[in-house]
There are 2 protein chains.
Amino acid sequence: MSQRTRIDLPTILKAATEIVDSQGLESLGLATLAQKLGIRSPSLYNHIDGLPGLRIELAIHGCDLLNSVISRAAIGKSGDNAVYALAEEYLAFARSHPGLYEAVQRVSDPQEGQWQQTARRLVETVVQVFQHYGLDDYTSIHAVRSFRSMVHGFISLERNEGFKMPISVDDSYRFLIDTFLLGLHSKMQAAQCAGELE
Amino acid sequence: MSQRTRIDLPTILKAATEIVDSQGLESLGLATLAQKLGIRSPSLYNHIDGLPGLRIELAIHGCDLLNSVISRAAIGKSGDNAVYALAEEYLAFARSHPGLYEAVQRVSDPQEGQWQQTARRLVETVVQVFQHYGLDDYTSIHAVRSFRSMVHGFISLERNEGFKMPISVDDSYRFLIDTFLLGLHSKMQAAQCAGELE
DNA sequence: ACAATTTAACTAATGATATTAGTTTTGTCA
DNA sequence: TGACAAAACTAATATCATTAGTTAAATTGT
């Protein structure tokens with residue numbers, strides 16, 4: 001008799017990642033996943049809590065991976081350089097792991113505890129990079145929200161519809177971040193001047 | 001005998017819109033849709049090409065609606081005012097029609113002819129608003145891509161995870177657009193100075 | 001006004017899916 | 001070596017989209 005193939009969670013997540021990155025998040029089903037792993041689909045329930053459970057495990061895994069990648073990219077850099085590095089790695093991750101990135105965005109139950117922790121850590125990384133500008137608390141939060149909106153929006157549009165015009169997409173990305181940072185510096189300078197008037 | 005209820009495409013799209021806006025795009029199935037309409041699910045095939053066909057019809061419908069809303073908002077305005085108006089209406093639409101907006105973003109077959117036309121018209125509206133700045137062709141495309149990235153990214157993040165910090169989300173949105181426009185003006189001014197040196 | 005045609009509803013059946021319950025195998029540990 | 005737990009399995013169910021074939025109703029042409 002052939003040995004029963006024995007599976008653990010990391011193996012499942014690896015196979016699931018391959019599926020979503022090559023065929024999209026929609027294509028992730030327990031049937032095809034089990035087949036890929038050489039087991040029967042009910043066996044998956046020993047490791048995950050059904051399809052919803054798999055989706056959230058995958059999101060957590062993807063978010064952790066993304067966070068470790070962008071954290072590494074920001075090491076030893078500060079200010080605009082760190083922001084650019086973050087933006088670049090963010091985009092590179094989304095391009096090399098489109099399905100995983102999608103899983104991170106679309107979590108059906110955002111209240112799940114472990115997910116919230118992981119998501120918070122990712123935001124925390126961005127917050128740290130922006131702390132270097134010495135913005136006040138309000139402005140800092142606005143800046144972080146803005147940065148994440150820009151990066152995610154660009155990634156999402158590029159993936160879901162593609163930018164059709166025959167102009168470098170990477171240049172546009174650079175333009176986006178660049179223009180925002182330019183505006184941010186202008187704002188800081190204006191605030192500085194206002195302060196000196198007192 | 002009770003009359004057979006008779007259905008047409010607009011009626012289907014209306015019911016589908018209600019479902020997705022209240023329960024999310026994922027919840028849109030032919031079974032529940034048919035039940036809501038008082039018919040049997042196979043009857044839907046007389047009007048739409050299965051679930052994929054329904055999804056694309058819904059996306060086209062949503063994109064048309066979005067375009068008509070933001071077009072109206074930009075009438076009689078120009079420059080920064082027009083950009084702000086566009087951004088505001090875009091966000092307002094996404095908030096009042098979350099499912100429909102989602103349908104517009106996630107089209108499974110972006111090659112479909114009628115969809116491409118509709119999507120192009122939406123982009124064209126944004127392009128027109130940015131024409132007022134008199135940017136060169138390259139910069140203009142970068143600016144439009146940037147604007148759409150910012151707006152969509154913000155909408156997407158707000159919906160999918162919510163901004164957790166106890167700071168006004170609307171203020172952040174304003175900050176985002178504002179900072180970008182400030183940067184854009186700085187860039188234009190710099191280009192202007194460079195031109196005068198010749 | 002009535003017959004013919006077309007539209008759009010219906011029922012019935014199929015295949016794929018996730019999921020649950022209950023069973024058997026296999027690895028581990030006392 | 002034997003007991004226990006983990007994790008595979010089979011079998012069964014409910015739900016879903018989809019297809020084929022059928023019937024009713026509206027529309028059209030004479």
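Throughout, a chain's letter reflects where its sequence line sits, starting with A, and its residues are numbered from 1.
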Closest nucleotide among D:dC9, D:dA6, C:dA9 to the B:H47 side chain: C:dA9
Euclidean distance, atom CD1 of residue B:I48 to atom P of C:dA9 [Å, nearest integer]: 11 Å
Please write out the pairs of protein N or O atoms and N or O atoms of nucleotides 18-21 of chain D separated by less than 3.5 Å, giving the distance to one decimal.
| from | atom 1 | to | atom 2 | distance (Å) |
| --- | --- | --- | --- | --- |
| D:dT18 | OP2 | B:Y45 | OH | 2.6 |
| D:dT18 | OP2 | B:L51 | N | 2.8 |
| D:dT18 | O5' | B:Y45 | OH | 2.8 |

Separation of D:dT23 P from B:R4 CZ (nearest whole Å): 11 Å
Integer-rounded Å distance: D:dA7 P and A:L44 CG: 12 Å
Length of the line joining B:L33:CG and D:dC16:P, which is rounded to integer Å: 12 Å
CA sep, side-chain torsions, deciding dist, call: B:L135, B:H142, side-chain contact (heavy atoms from CB on, under 4.5 Å): CA-CA 10 Å; B:L135 305 167; B:H142 291 329; over 6 Å; no
Short N-O contact, B:E18 and B:K14, less than 4.0 angstrom: yes
Candidate nucleotides D:dC16, C:dA18, C:dC10, ranked by approach to the side chain of A:A31 - the nearest: C:dA18
Ionic contact status for A:E158 with A:R95, cut-off 4.0 Å: yes
Nearest to side-chain heavy atoms of B:N46, which nucleotide of D:dC9, C:dT11, C:dA9: C:dA9
Atom-to-atom span, CG of A:L54 to C1' of C:dT19 - whole angstrom: 14 Å
Polar side chain donor-acceptor pair, B:S140 to B:D137, under 3.5 angstrom: no
Distance in angstrom units between A:I39 CD1 and C:dA18 P, rounded: 13 Å
End-to-end axis angle, where each axis spans five pairs of the helix from C:dA1-D:dT30 to C:dA30-D:dT1, to 10°: 10°
Ring-face cation of B:R145 near A:Y173 (centre distance under 6.0 Å, axis angle within 45°): no
From CA spacing to verdict: side-chain hydrogen bond (donor to acceptor under 3.5 Å, both in side chains), B:T17, B:D21: CA-CA 6 Å; B:T17 299; B:D21 280 342; 5.6 Å; no
N or O in side chain of B:R40 less than 4.0 angstrom from C:dT11 OP1/OP2: yes
Aromatic plane relationship, A:F175 with B:F180 - under 30° parallel, 30 to 60° tilted, over 60° perpendicular: perpendicular
Option from B:R106, B:R120, B:R148 for which salt bridge (Lys or Arg N to Asp or Glu O under 4.0 Å) with A:E161 holds: B:R148
Trace of the side-chain hydrogen bond (donor to acceptor under 3.5 Å, both in side chains) decision for A:Q105 with A:Y101: CA-CA 7 Å; A:Q105 299 310 317; A:Y101 184 83; 3.2 Å; yes
